[in-house]
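Below: the structure, in structure tokens.
Per chain, numbering begins at 1; letters A, B, ... match sequence-line order.
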Amino acid sequence: MIKITLPDGSVREFEQGITALDIAKSISEGLARNVLSAEVNGEVIDATRSINSDATVKLLTWSDSEGKKTLWHSSAHLLAEALEALYPGIKFGIGPPIENGFYYDVDPGGRSISSEDLPAIEAKMKELAKQKNPYLRKEMAKADAIAYFTDKNDEYKIELLNDLEDGTITFYQQGDFVDLCRGPHIPDTGFIKAIKLMNVAGAYWRGDEKNKQLTRIYGITFPKSSELTEYLELLEEAKKRDHRKLGKELELFMFSEKVGQGLPMWLPKGTALRERLTDYLKKAQAATGYVQVITPHIAHKDLYVTSGHYDKYGADSFQPIRTPNEGEEFFLKPMNCPHHCEIYKNKPHSYKDLPIRLAEFGTVYRYEQSGELHGLTRVRGFTQDDAHIFCRPDQVKDEFLKVIDLVFMIFKALDFKDFTAQISLRDPENKAKYIGSDENWEKAESAIIEAAQERNLSTVIELGEAAFYGPKLDFMVKDAIGRRWQLGTIQVDYNLPERFQLEYMGADNQKHRPVMIHRAPFGSMERFVAVLIEHCAGNFPLWLTPEQAVILPISEKYNDYAKKVLEVLKNYDIRAAIDDRDERAGKKIRDAEISKTPYMLIVGEKEEQSDSVSVRKHGEGDLGEMTLELFAKQVQNEVDAQINAN
RNA sequence: GCCGAAGUAGCUCAGCUGGUAGAGCAGCUGAUUUGUAAUCAGCUGGUCGGGGGUUCGAGUCCCUUCUUCGGCUCCA
């Protein structure tokens, strides 16, 4: 008999060789039907593998992320089985579980697999799933494994095998399909109840663009068909919120082939929104010791030779602009920091001056690969809400605290309630690849961690993710439908102060090198607005929305009163417009609802007589009649509450 | 940049196997003077992304180029 410790701390005795599935059965049949895999002494294994000694066992189901992974990984095998049945001789790369589902990279030989083929493959998978074929684990010597795939002519699997250490290789078989695999897998294919193949795409073998491009088939599966329905609904919702679609519908921004790809143009409404964000941040920054600067859009090549960016990115940049007579080279600026370093150098600094915080809404241009461009989130010209803080090493923590506070304030005003920070530190195994002294790194890394702790920021620490020039903290927000986005960033930089020979005079009358901190709470205005649009589905917070109210006169007769209402609202700093088209109220209301205007003010005879408006709120409906003054005050209160949401 | 898909009116889309373009909305004009998600009628609007080719004839077939979309690779 062996002792099995369960997560609740209870210990039960079982026969040696028991499986996790048996343990589940001993608890309840229902549980047994839901067990996908098991964590035994910290290792995730098949629920059908025997356990031969005392162990701590956690049964993994759909509610565990490891359980999901098991189902999806097994689903990838099921996909492969279906493909092999439909496309004999097809070769397989890898087929892992991913964040939402799984994929399999395949080489269909001379054939091609397109999205039109997916329904047939899906049907085959469903057919195979119904057979409830068990996933059987087999062990094989490496040489035999290579022989097996040589026989099958699958060079990809052979390559994978060659990279494995000698010894025993594990295989899994379900139905007629055998795959090289570490596992674990679900007990049988019958656990896969709902299947959806999403799309096909090209993917390089082993992620290397020099390698052959394979066909990647994405899919997702669920243990309950209702979950698939929910998932597809979420995708629909995401589609509705797509900032590219809403940006067009709400007339926020546009692209033009003539202007160039990846170069957004902000329409009047989008500009109004963006400027409001900019003003908000400028005010907040002015209050926390930043000074604004403005630098040109191009700079001499020498600036980037000094900064080191020329060597690193010169070839991948927009090509230089040359002066006609001298032939000097100028680059469109890809970042603002080198300019700001020059501003810092404009005069000598005392330790007493520090920190110096130079802020600029700087528009930068980067040559992104054409296939990379995506709406406002990935563009070739964008404006960073940039600032560079030049400070002493002992001031890093305090500066981080201040930036974190600033970011908190912004997130609250924009209704981002769920956010975390990722702190990227250097790889302790490979300190040589980073610039800057050990002492400074340690100081900065602990300063960042302490600052995050002091502000109760939930953080994930990633070792080895730091840039070569310094550690950083990135903010990740979760939007209204649960997607994660990376927005603001705070980065320590030891490189540029060195390269630009930045200095300050210390209390010891010696020259010292300042630390530079790059920070951008929004990241870029473009990306931020894109995320904001998707977060609020185009229903912007009242303080930010381009038009807060629209006045809808019932008929032409009340246009004059509508104008009076507009004047009063203006005096209250409320952004409004009149819809004086020759249309019925129903039509005007419909259009205002579609344009997501927060308040509709219907004015007719009774309103005119009592200096009032009938208020309808977007998405909610009729709020009834109220005096104009009362409405204006309510709007003001709502705006104040949003901006000062603390 | 690479693989795959797509590009028809301002927007959303139809146009079977080639026979010289169509709807709804928007816009304009007129009628209507309207009370909480579409008043009616008429009209305008497209060198079918660009260029080349095949053909008696191309939105439709072929080549090329640009852009967009889904991925891959990349992201100072």
Under 6.0 Å between the ring centres of A:Tyr218 and A:Tyr104? no
Taking all heavy atoms of A:Leu542 and all of A:Arg575, pick out the closest pair and write down the distance. O-NH2, 3.5 Å
What does the list of N/O pairs under 3.5 Å between the protein and nucleotides 24-26 of chain B look like, with a distance for each?
unit_1	atom_1	unit_2	atom_2	d
B:A26	OP1	A:Lys587	NZ	2.7

Expressed as a whole number of Å, how far does the C1' atom of B:U64 sit from that of B:U54? 15 Å
What is the distance, rounded to the nearest whole Å, between atom NZ of A:Lys301 and atom C1' of B:A76? 18 Å
Rounded to whole angstrom, note down the C1' distance from B:G57 over to B:G50. 22 Å
Once hydrogens and angles are ignored, does a donor-acceptor distance under 3.5 Å link the base of B:G1 to the side chain of A:Tyr204? yes
So does A:Arg616 pair up with A:Glu593, basic N to acidic O under 4.0 Å? yes
Span that lies between the C1' atom of B:U32 and that of B:C69, in whole angstrom: 45 Å
Which is it for A:Tyr231 and A:Asn100 under the side-chain contact (heavy atoms from CB on, under 4.5 Å) test, yes or no, and what are the steps along the way? CA-CA 10 Å; A:Tyr231 178 73; A:Asn100 289 305; 3.6 Å; yes
For nucleotides B:C56 and B:U68, find the distance between their P atoms and express it as a whole number of Å. 38 Å
Nearest to the A:Gln213 side chain among B:C3, B:G35, B:C72, which nucleotide is it? B:C3
Given atom CG of A:Asp242 and atom P of B:U12, what is their separation to the nearest angstrom? 12 Å
Considering only NZ, NE, NH1 and NH2 on the basic side and carboxylate oxygens on the acidic side, decide whether A:Arg581 and A:Asp579 come within less than 4.0 Å. yes
So, does A:Arg616 get its side chain near the phosphate of B:A37, meaning an N or O under 4.0 Å from OP1 or OP2? yes
What's A:Glu607 touching, base or sugar-phosphate or nothing? Going by heavy atoms closer than 4.0 Å. base
Round to a whole Å and report the spacing from CD of A:Gln369 to P of B:C3. 13 Å
Round to a whole Å and report the spacing from NE2 of A:His518 to P of B:A76. 11 Å
Please classify the nucleic acid contact of A:Tyr218 as base, sugar-phosphate, or nothing, using heavy-atom distances under 4.0 Å. sugar-phosphate
Compare the minimum distances between each of B:A76, B:C75, B:G35 and the side chain of A:Arg378, then state the nucleotide with the smallest one. B:C75
Give one of base, sugar-phosphate or nothing for A:Gly207, where a contact means two heavy atoms less than 4.0 Å apart. sugar-phosphate
Working to the nearest 0.5 angstrom, can you tell me the gap between A:Met516 CE and A:Tyr344 OH? 10.5 Å
With ring-ring contact (aromatic ring centres under 6.0 Å, His included) as the rule and sequence neighbours excluded, what pairs involving residues 580-632 of chain A come up? A:Tyr599-A:Phe631
Is the distance between the ring centroids of A:Tyr304 and A:Tyr310 less than 6.0 Å? no
Do the two ring centres, one from A:Tyr156 and one from A:Phe92, sit under 6.0 Å apart? no
Pairing nucleotide - B:C2, Watson-Crick or G-U, each distance under 3.5 Å: B:G71
For atom CD1 of A:Ile217 and atom P of B:G71, their distance in whole Å: 15 Å
Among B:U36, B:C75, B:G35, the one nearest any side-chain atom of A:Ile589 is B:U36
Say we look at B:C3 and B:C25: how far apart would their P atoms be, to the nearest angstrom? 43 Å
Identified pairing partner of B:G19, criterion: Watson-Crick or G-U wobble below 3.5 Å: B:C56
Using the P atoms only, state how far B:U47 lies from B:U8, rounded to an integer number of Å. 12 Å
Quick one: do A:Asp154 and A:Lys91 make a salt bridge, cutoff under 4.0 Å? no
Do the charged groups of A:Glu249 and A:Lys596 touch, with an N to O distance under 4.0 Å? no
Rounded interatomic separation in angstrom, taking CD1 from A:Ile554 and C1' from B:U32: 15 Å
Is there a Watson-Crick or G-U wobble partner for B:G30 with both distances under 3.5 Å, and if so, which one is it? B:C40
Of the options B:G70, B:U33, B:A76, whose atoms approach the side-chain atoms of A:Ser555 most closely? B:U33
Does A:Asn199 reach a base, just sugar-phosphate, or nothing at all? Heavy atoms under 4.0 Å. sugar-phosphate
Within the 4.0 Å heavy-atom criterion, would you say A:Ser614 contacts the bases, only the backbone, or no part of the nucleic acid? base
Taking atom types as they are modelled, is there a donor-acceptor pair under 3.5 Å from the base of B:C3 to the side chain of A:Arg216? no
Measure from the side-chain heavy atoms of A:Ile594 and tell me the nearest of B:G70, B:A37, B:C75. B:A37
Whole-Å distance between B:G35 P and A:Tyr558 OH? 10 Å
How would you label the contact of A:Lys248 with the nucleic acid (heavy atoms, under 4.0 Å): base, sugar-phosphate, or nothing? sugar-phosphate
So what does A:Gly371 touch, heavy atoms closer than 4.0 Å: a base, only the sugar-phosphate, or nothing? base
Rounding to the closest angstrom, what is the interatomic distance between B:G45 and B:C28 at atom P? 15 Å
Counting only Watson-Crick pairs (N1-N3 plus N6-O4 or O6-N4) and G-U wobbles (N1-O2, O6-N3), all under 3.5 Å, who is the partner of B:C25? B:G10
Expressed in whole Å, how much space separates the C1' atoms belonging to B:C40 and B:G46? 27 Å
Determine whether the side chains of A:Thr627 and A:Ser612 contain a donor N or O and an acceptor N or O closer than 3.5 Å. no
Result of checking A:Lys245, A:Arg244, A:Lys239 against A:Asp242 for salt bridge (charged side-chain N to carboxylate O under 4.0 Å, His left out): A:Arg244
It should be established whether A:Lys333 places a side-chain nitrogen or oxygen under 4.0 Å from OP1 or OP2 of nucleotide B:A76. no
Listed nucleotide nearest any side-chain atom of A:Ala203, set B:C72, B:G35, B:C74: B:C72
Please tabulate, one pair per line, each protein N/O and nucleotide N/O from nucleotides 65-68 of chain B that are separated by under 3.5 Å, including the distance.
unit_1	atom_1	unit_2	atom_2	d
B:U67	OP1	A:Gln261	OE1	3.1
B:U68	OP2	A:Gln261	NE2	2.6

